Amino acid sequence: MESPYELLLGALEQTASSDAVRWLRGECTRLSRHFEENPFFFAFSGVSRHFDRNAEVTFPKGTAEVLQRQIPGLCLKHWDEFRTARTVLIGLLLTLDRPDRLRTLERLTSSADIRELIAIFGALPLLPNPEDLVELARDGLRTNILSVFDAIALRNPFPERHFTEEGWNQLVLKALFLGRPLHRVVGLDARANPALAEAVDYLAHERWSAGRKIPPEAWRCCTGYVTDQIAHDLERVAASPDRGDREAAALLAVGDTTGRLAPIREALPAECADVAMGSLTWDSLGALLATPV
Amino acid sequence: MKFLDSHVHMVSRTTDDYQRMAAAGTVAIIEPSFWQGQPRTEAGSFKDYFNSLIGFERFRASQFGIKHYCTIGLNPKEANNEKLADAVMELLPLYVCKEGVVGVGEIGFDDQTRLEEKYLRLQARIAVEADLPIQIHTPHRDKKAGTSRTMDVLLDAGCDPAKVIIDHNNEETVKEVLDRGFWAAFTIYPHTKLGNLRMIEIVREYGAERIIIDSAADWGISDALAVPKTAALMKEAGIDMRAIEQVSYSNPLIAYGQSGQMRETDWADAAGIDPAALFAGNTLLRGGQDVHEAMTKYMVIE
């Protein structure tokens, strides 16, 4: 079976310039024969001297299927040549039989530019020994550079699978705080939990006190964990003049099995009918609200 | 009109400056590595500083629709701490080949010591090997001799003058710099460097060929709008528009574009300010209400 890195290299071969791919293959051969840190760092940065950062890599159908079978949840949208080539190099590093390869990855991260950080964090779900990478990912989320935050938090199956509940909740709350489109967080429904539901409700109170809005998608985190307090707050959301708010309330109300949200089902029959028909989902609401990326 | 400020230390500027620069038409900036007002004592401080130049500062600028580039180097003031300087020299190769690094800089002389010359030479070699332009800081004291000596060292190290931008020139240094084939940059900076009325006379005398104006705005009393203001003042003084465009935009683009890391399409393609790149709840972009006043009432920098 071909490794993910070979598959990526193969996909790159289809689209990138042959000179660039030849260079990358040469670097991979050289580094796997004799690995040294600095030449590895230079190759990683040197990707920007050989590839086209604006060129998106399209994965052949077969390749995409194999990759997604190997790594469930992996998103193959928006892979540019820089990111793809750098993922190949990170993959090479972490499959080498080298005891301090993780230290090398940390050092690489500690002097990386924005696009390099995006490649490193985007590669996380492809890498072996994920348990060793959790701290790197959590530390990465402390950034305020949105594109770097997004590389970990959005369209990335790594946090869902490997974060503790504490780490997961911090990710979702920061994504909300930064106004990121929650429907692109992989595993949002599967990792729902009562502590997060309460924290989101608390954030809503804080926003309302400040005269600000809470994004409708936030309420998705309360699915399955609607307390009396949350039910009470959702009535306010259901009465909002903003359609997105009302739709969020309807989405929760239709799925509610506790009876707490029955009044909302009565108050929002049209929205609830859309949910029942499947024309209104959390993903469709999120997509409507989000800036296209 | 578009402007490129090829020397500005944004790490010590506020978001107000970014806003005003964007409103005044500054589309791209280059931030040279320099000292930070007081000497650093650890190599790690340099590493984090370089990281901010290729990381957070780049992001901060992007919030205002401004493309941010940088030059990486060990400045001459801190080159006098040999132990520290050696540790910083080990870091440089990690950074000079990063995306958006358009040169090695700002390097050169301060007190013109033996150690300053040593690290100028070593860094000139790094630039030659990486095929990158060099951004030169010329000394404030004994400037004329220091500028000559800088050029001697660079030529001796094998540098191509067409890839070297000598900065902080004045009426006394410009002729030799141009005669020897280097780019001559002028820093419009109140009190200690060059005022923009003087700059007009320099362009009248030497033309616009290989001449660049920049702000070098930093933590001192300086002006992040120095480039657009000087351009406006030049227009008022009847300088040819083509010459104004050269010194304030296309010359630095050509000079630093030799790195292969900066192209006009980097910002021509940009759809302006990306609202998704803004922090929720912040109103970073209030528009440039005060820019018009700044540009018209306080155009002269002395």
Side-chain angles (χ1 to χ4, degrees), chain A residues 37-54 80 82-83 86 107-119 140 142-150 154 174-181 184 203 206-207 210-215 218 289-293, chain B residues 15 31 43-44 46-63 67-70 72 88-102 126 129-132 259-263 265-266 268-271 273-284:
Chain A
E37 227 171 40
N38 272 350
F40 173 72
F41 292 156
F42 299 152
F44 191 74
S45 292
V47 163
S48 70
R49 296 265 188 283
H50 293 86
F51 288 91
D52 177 359
R53 67 160 187 258
N54 294 317
D80 58 39
F82 279 18
R83 180 179 168 191
R86 284 176 173 145
R107 274 196 288 267
L108 179 75
T109 309
S110 83
S111 64
D113 67 29
I114 294 177
R115 222 181 286 269
E116 292 174 338
L117 289 170
I118 292 171
R142 298 196 172 98
T143 183
N144 270 3
I145 302 174
L146 291 186
S147 51
V148 176
F149 180 84
D150 287 356
L154 308 185
K174 184 160 176 180
L176 255 177
F177 183 76
L178 294 175
R180 311 319 294 145
R184 296 198 187 113
L203 179 66
E206 224 175 53
R207 289 273 169 99
R212 300 190 179 119
K213 282 179 53 68
I214 178 111
L289 296 167
T291 341
V293 180
Chain B
T15 48
E31 175 148 13
F46 277 85
K47 188 178 176 213
D48 289 328
Y49 173 66
F50 295 150
N51 281 344
S52 68
L53 298 189
I54 59 169
F56 193 59
E57 209 50 53
R58 212 173 259 186
F59 167 71
R60 231 162 64 94
S62 75
Q63 290 182 295
K67 286 293 287 185
H68 180 280
Y69 304 86
C70 64
I72 294 284
V88 175
M89 289 301 295
E90 281 185 35
L91 285 173
L92 294 184
L94 282 181
Y95 290 92
V96 291
C97 53
K98 298 267 187 214
E99 183 188 355
V101 175
V102 296
I126 290 178
E129 278 162 31
D131 196 20
L132 281 174
S259 62
Q261 293 299 305
M262 179 170 76
R263 296 172 196 87
T265 50
D266 292 353
D269 290 353
I273 293 150
D274 172 16
L278 294 175
F279 286 99
N282 268 10
T283 45
L284 291 178

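So that the names make sense, note that chain A is the first sequence line, chain B the second, and so on, each numbered from 1. Since this is a predicted model, take the numbers as computed values, not measurements.
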Practice problem: With rounding to the nearest 0.5 Å, note down the distance linking CG in Asp113(A) to SG in Cys70(B). | Solution: 9.0 Å
Quiz prompt | Per-residue contact mode, Thr143(A) against chain B (heavy atom under 4.5 angstrom) | solution = neither
Quiz prompt | Phe59(B) versus Leu146(A), closest heavy-atom pair with distance | solution = CE1-N, 3.6 Å
Quiz prompt | Point-to-point distance, once rounded to the nearest 0.5 Å, from CG of Asp266(B) to CG of Asn54(A) | solution = 8.0 Å
Practice problem: Would you mind telling me which of Pro215(A), Ser147(A), Ser110(A) has the largest number of heavy-atom pairs within less than 4.5 Å of chain B? | Solution: Ser110(A)
Quiz item: For chain A, which residues from residues 94-101 of chain B have at least one heavy atom closer than 4.5 Å to it?
Solution: Leu94(B), Tyr95(B), Val96(B), Cys97(B), Lys98(B), Glu99(B), Val101(B)
Quiz prompt | Inter-residue atom distance Leu117(A).CG - Ile54(B).CD1, 0.5 Å rounding | solution = 8.0 Å
Quiz item: Which atoms of Phe44(A) come close to chain B, meaning under 4.5 Å heavy atom to heavy atom: side chain ones, backbone ones, both, or neither?
Solution: neither
Quiz item: Does a side-chain heavy-atom distance below 4.5 Å link Ser111(A) with Phe50(B)?
Solution: no
